[in-house]
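Worksheet for the structure shown next.
Note that the numbering runs from 1 along the sequence shown for the chain.
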Amino acid sequence: MTFKKRITYYLFGLLIGLSIVYFITSQKKTEFNYLPSKRVIADFKKKSWLFDTTFPDHIKKNILQEVDINFSKSIFNKDSCNIYHLIRKNKYRFTVKNCTSEVFFSKLISTE
């Protein structure tokens, strides 16, 4: 078998394999959370949410879209809950207390 034929078979098999993987991941709406901030936000989405009285209803709906986590101000492993400081679209700052089964959103501050 010539080298040209081997490359052709390899590329054909690679193309079939990539198309199968693409089809499976697009059907399941899989997210690949490799960055720490993406992993923390994915963990928030799995739990029940509780809000402070400072949060209006229109902010509660899409609270985790376009959010940056300030890990330098966050507190880890102090209690059973971790505390994160989040910034949303450079308009709002708030604190999130991430416990084992619930997430508490508090201290909403507008930066405008």
Pair N82, N77 - check side-chain contact (heavy atoms from CB on, under 4.5 Å), show working. CA-CA 6 Å; N82 294 331; N77 301 326; 4.0 Å; yes

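Note that the NZ atom of K89 and the CD atom of E66 stand 4.5 Å from one another [nearest 0.5 Å]. Note that SG of C81 is 7.5 Å distant from CG of N98, once rounded to the nearest 0.5 Å. Interatomic distance, NZ of K97 versus CD1 of I83, reported as 6.0 Å (0.5 Å rounding).
Applying the salt bridge (Lys or Arg N to Asp or Glu O under 4.0 Å) test to residues at least two apart or on different chains, the pairs with a partner in residues 44-55 are D43-K47.
Closest approach of S48 to S101, counting heavy atoms only: OG-O, 3.4 Å. Of all heavy-atom pairs between R6 and M1, the closest is NH2-O, 3.3 Å. Of all heavy-atom pairs spanning F55 and K107, the tightest one is CE1-N, 4.4 Å.
Side-chain contact between F71 and Y84 is present, with heavy atoms from C-beta onward closer than 4.5 Å. D68 has its side chain out of reach of L86: every pair of non-hydrogen atoms, C-beta onward, lies at least 4.5 Å apart. Side-chain contact check for L11 versus L15: every heavy-atom pair is 4.5 Å or farther apart. Between F105 and L64 the shortest side-chain heavy-atom distance falls below 4.5 Å. Put simply, the side chain of I41 reaches to within 4.5 Å of the side chain of I69, judged on heavy atoms.
The 12-atom threshold is exceeded at CZ of R88, counting heavy atoms of other residues, nucleotides or ligands nearer than 6.0 Å.
The hydrophobic cluster containing F76 does not contain F104, counting ILVMFWY residues as joined when their side-chain heavy atoms lie under 4.5 angstrom apart, directly or transitively. If you chain together hydrophobic residues whose side chains sit under 4.5 Å apart, V40 and Y92 fall into the same group. Residues I109 and V96 do not share a hydrophobic cluster, defined by chaining ILVMFWY side chains whose heavy atoms lie under 4.5 Å apart. Residues I20 and L14 do not share a hydrophobic cluster, defined by chaining ILVMFWY side chains whose heavy atoms lie under 4.5 Å apart.
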